[in-house]
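Read the numbers this way: they start at 1 and go in the same order the structure lists the ligands and their atoms. Because the structure is a prediction, the values reported are computed rather than measured.
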Amino acid sequence: MSQALFRKLRGTHDLHGRDALCWEELERAASDVFKRFGYEPIRTPILEEVRVFLRSVGEVTDIVQKEMYRFTDRSGDEIALRPEGTAGVVRSYIEEGLGKDRQPRKLYYMGPMFRGERPQAGRLRQFHQIGAELFGSASHWADLETMELMAAVLEAAGIKGYRFQVNDLGDAEDRSRYAEALRDFLKSQTGGWDPDSVERLERNPLRVLDSKNPKVRESLESAPRIASFVSDKSRERFDRILEGLTRAGIAFEVNPKMVRGLDYYTQTVFECTHSALGAQDAVGAGGRYDGLVDQMGGDPTPAVGFALGVERMRLIRARGEAVAERADRVEGVFFIGMSEEAKREAYALLSQLRKAGIRSELDFEPRSMKASMRQADKSGLRFTAILGEDEMRDRAVTLKDLSDQGKGAQERVPWLDLILKFNK
Ligand code: HAM
C-alpha cells in the first residue's frame, strides 16, 4: 500500500462503505419522522455573514468567541462557517417571508456544521446536525411536540437509554431579573477568576454558569438559581409540558442548573445525554427562542426547535452494537464478458436492466474467468451473468446465483428473456 501524501484534518471524518450507507439510511428514517410530524425540508447556506451568529448565538458565548470559523474574504465580507443551524434558518425565515403562507411553519434540516474546538471523541471540527425549527406558536403544545419529535428521531435511529433533561428559563423579563441578581451576587467574589469570566459577568452574566474554571464553579455553588425568578405563569406553562411528557411516556428529569450555551433561549430548554458518549455526552438539545426572530429584524414570532448530532448518534449505535453481521447479497446482476464483443453485448443488456430499475454492473477489465468471478463476489450482487463464446453463439447468458455461498442455481437464459426474468 502506498503511503498517503495527504491526510484529512483532525476533527473531520471520511465516510464510506457500510458507514456511508447507514448514514443515508439514518437521514431517510429521520426525514420520514419529520414528515409524519408535518415538517418540510429547508436547506440554507453553510456560509453566512458573521453578524448572523453574533446576533443570535450571542457575542459573549464560547461558540462565537472561541469556536466559530470566521474569515474576511477577498471582497472584504466578514464570513463564518455556520457553527449551528438555527441562526441561518431564522435569517432565511425572515428574508424569504416563510411565515406568510402558514403558521406555524415547521422546518427541518440536515447538514454539516463547524466548530473549531479541540478535537476528541465525539467532538469534531466538522460535524453534522439533524434539526428542526417550528415558527409561529407560543403554545406549550409546540414545546411538547418538539420534544416528542426529538425522541421520535432518536427512536428511528435505534437509540435507547438516553437521559432527557429539561429546565425552564422563564421569559425575557424573568431572565433579565435573574441576570441582574446573579451579577450582584457574584461581583464581590471574582478573586481568582480568569479575565474571561470576569468580562462575562459584566457583559452576559448567564454565560458565567457554563464556566469550567473551578474557582468560578465554587462561587456559583451558593449563587441564586433561575427557578426562583421564574414567574407563576411561566411555571404553570412548564408544568403542562412536563405533564405532557409524562403522558407521552418520555422519562425526563428537571435540571434547574441547565441554561445551555447559546444566548437565544427563553422558557423551555432541554438536552439529551447518553452514557455511551463519555465526556461529550450530549446527543441533542434544543429549546424555545421567542425573542430571536424579532431580534434578527423579523416580526415578533415565537419559535422552538432542537438539533441532534449525527456523529454522536452513530457513536452510541456503534458502541451498543456487536460486530456488524455480514450483509446479505443485494439483488442485481454482475456481467462478465469474455471478449470485447461479449462486453458490448453485456453492456447493452445491462443498460436495459438498469432502465427497468434493476441494479447491474459490468466488469470493465479484460481478465481471466477466475479473476472476474472474484470481482463478481466482491460486488455483493446476487447474480452473475457470463457471456463467453458459447453464450454469444446461443444468444444467451449463463446466470449464476451467488447466494448461499455460491451454492445457488445456474441456468442458461436467452438475452430476450433476461429482463422478463428479473421483472418477476
Ligand atoms: P447545540 O447544543 O450547540 O445546539 O448542538 C446540538 C448537538 O450538536 C449537540 O447535542 C451535539 O450532539 C452536536 N454537536 C455540537 N457540537 C459538536 C461538535 N463539536 N462535534 C460533534 N457534535 C457536536 C444547537 O446547535 C442549537 N442550534 C439547537 C437548537 C435548534 N435549538 C433550537 N433549535
Side-chain angles (χ1 to χ4, degrees), residues 9-13 26 30 34 39 42 44 48 52-53 56-58 61-64 66-69 81-93 106-135 142-143 145-147 149-150 153-154 157 159 162-167 169 207 210 258-274 276-293 301-317:
L9 293 171
R10 244 158 66 76
T12 67
H13 280 332
L26 174 62
F34 285 129
Y39 279 69
I42 182 167
T44 64
E48 294 275 356
V52 168
F53 304 107
S56 54
V57 174
T61 56
D62 277 354
I63 295 181
V64 164
K66 300 185 186 158
E67 297 162 8
M68 190 161 73
Y69 283 104
L81 296 183
R82 63 181 185 195
E84 59 102 54
T86 310
V89 173
V90 171
R91 197 258 320 125
S92 174
Y93 176 83
K106 302 173 175 184
L107 304 166
Y108 75 88
Y109 51 90
M110 305 179 188
M113 309 289 161
F114 304 83
R115 295 184 193 177
E117 304 178 75
R118 199 169 48 77
Q120 53 176 253
R123 188 159 81 185
L124 297 162
R125 297 206 279 185
Q126 172 169 342
F127 61 98
H128 296 75
Q129 284 186 345
I130 294 182
E133 316 291 349
L134 178 155
F135 296 96
D143 302 48
E145 191 184 78
T146 303
M147 288 190 252
L149 177 56
M150 185 162 97
V153 174
L154 283 166
I159 291 169
Y162 51 81
R163 205 171 142 201
F164 203 97
Q165 299 183 62
V166 289
N167 193 21
L169 302 180
R207 287 282 70 89
D210 307 327
M258 184 172 67
V259 290
R260 306 266 304 121
L262 303 92
D263 275 354
Y264 47 64
Y265 292 113
T266 53
Q267 310 269 16
T268 322
V269 286
F270 50 94
E271 193 164 279
C272 210
T273 56
H274 200 287
L277 285 175
Q280 305 298 321
D281 66 351
V283 60
R288 184 162 273 288
Y289 49 94
D290 287 347
L292 186 57
V293 178
T301 307
V304 55
F306 74 87
L308 287 158
V310 181
E311 286 82 358
R312 292 192 190 169
M313 285 199 265
R314 300 200 22 86
L315 256 176
I316 298 170
R317 286 291 308 257

Glu133 contact mode with ligand 1 (heavy-atom cut-off under 4.0 Å): side chain
Proximal atoms of ligand 1 relative to Arg123 (non-hydrogen, under 4.0 Å): 19 (N), 20 (N)
Proximal ligand 1 atoms for Gly284, defined as those under 4.0 Å from one of its heavy atoms: 10 (O)
All salt bridge (Lys or Arg N to Asp or Glu O under 4.0 Å) counterparts of Glu67, not counting sequence neighbours: none
Atom indices of ligand 1, in the order listed, that fall short of 4.0 Å to a heavy atom of Gly122: 20 (N), 21 (C), 22 (N)
Protein contact of atom 27 (N) of ligand 1 - nearest heavy atom, named by residue and atom, plus distance: Glu84 OE1, 2.6 Å
Closest approach of any protein heavy atom to atom 5 (O) of ligand 1, naming residue and atom: Gln129 NE2, 3.3 Å
Rounded distance [0.5 Å steps], OH in Tyr109 versus OG1 in Thr44: 8.5 Å
Flag for Tyr264-Thr86: side-chain donor and acceptor within less than 3.5 Å: yes
Thr266 versus Asp290, closest heavy-atom pair with distance: OG1-N, 3.1 Å
Which segment of Val283 sits under 4.0 Å of ligand 1 when only heavy atoms are counted: backbone
Salt bridge (Lys or Arg N to Asp or Glu O under 4.0 Å) involving Glu48 - partner list, sequence neighbours excluded: Arg91
No-hydrogen, no-angle side-chain donor-acceptor test under 3.5 Å, Gln129 and Glu84: no
Glu117 and ligand 1 - part of the residue with a heavy-atom distance under 4.0 Å: side chain
Where ligand 1 meets Thr86 - atom numbers and elements under 4.0 angstrom, heavy-atom basis: 26 (C), 27 (N), 29 (C), 30 (C), 31 (N), 32 (C), 33 (N)
Inter-residue atom distance Leu26.CG - Arg317.CZ, 0.5 Å rounding: 8.5 Å
Arg125 side chain vs Arg10 backbone, donor-acceptor pair below 3.5 Å: yes
Closest protein heavy atom to atom 26 (C) of ligand 1, given as residue, atom name and distance to 0.1 Å: Tyr264 OH, 3.3 Å
Interfacing atoms of ligand 1 (cut-off 4.0 Å, heavy-atom, Gly286): 31 (N)
Residue portion contacting ligand 1 (non-hydrogen atoms closer than 4.0 Å) for Arg312: side chain
Subset of ligand 1 atoms that lie under 4.0 Å from at least one heavy atom of Gly305: 30 (C), 31 (N), 32 (C), 33 (N)
Minimum heavy-atom distance between Gly85 and Met113, given as atom pair plus value: N-SD, 3.6 Å
Arg207 and its side-chain hydrogen bond (donor to acceptor under 3.5 Å, both in side chains) partner, picked from Asp62, Thr61, Asp263: Asp263
Backbone of Pro112 reached by a side-chain donor or acceptor of Arg82 within 3.5 Å: yes
Of the listed options Ala282, Gly88, Gly85, closest to atom 9 (C) of ligand 1 (non-hydrogen atoms): Ala282
Nearest neighbour in protein (non-hydrogen) for atom 18 (C) of ligand 1: Phe127 CD2, 3.5 Å
Glu311 touching ligand 1 at heavy-atom level, < 4.0 angstrom: no
Protein contact to atom 13 (C) of ligand 1 [nearest heavy atom, distance to 0.1 Å]: Gly309 CA, 3.7 Å
Main-chain N/O of Ala142 paired to Thr146 side chain as donor or acceptor, under 3.5 Å: yes
Top protein contact for atom 3 (O) of ligand 1, by heavy-atom distance: Arg115 NH2, 2.9 Å
Side chain, backbone, both or neither: the part of Phe114 lying under 4.0 Å from ligand 1 by heavy atom: neither
Numbered atoms of ligand 1 (with element) below 4.0 Å of Tyr265, judged on heavy atoms: 26 (C), 28 (C), 29 (C), 31 (N), 32 (C)
Arg115 (side chain) donor-acceptor with Ile63 (main chain) under 3.5 angstrom: no
Taking atom 20 (N) of ligand 1 as the reference point, the nearest protein heavy atom with its distance: Leu124 N, 2.9 Å
Contact partition for Phe306 relative to ligand 1, non-hydrogen atoms under 4.0 Å: backbone
Parallel, tilted or perpendicular: rings of Phe34 and Tyr108 (30°, 60°): parallel
Ligand 1 contact on Arg260 by region, counting heavy-atom pairs under 4.0 Å: side chain
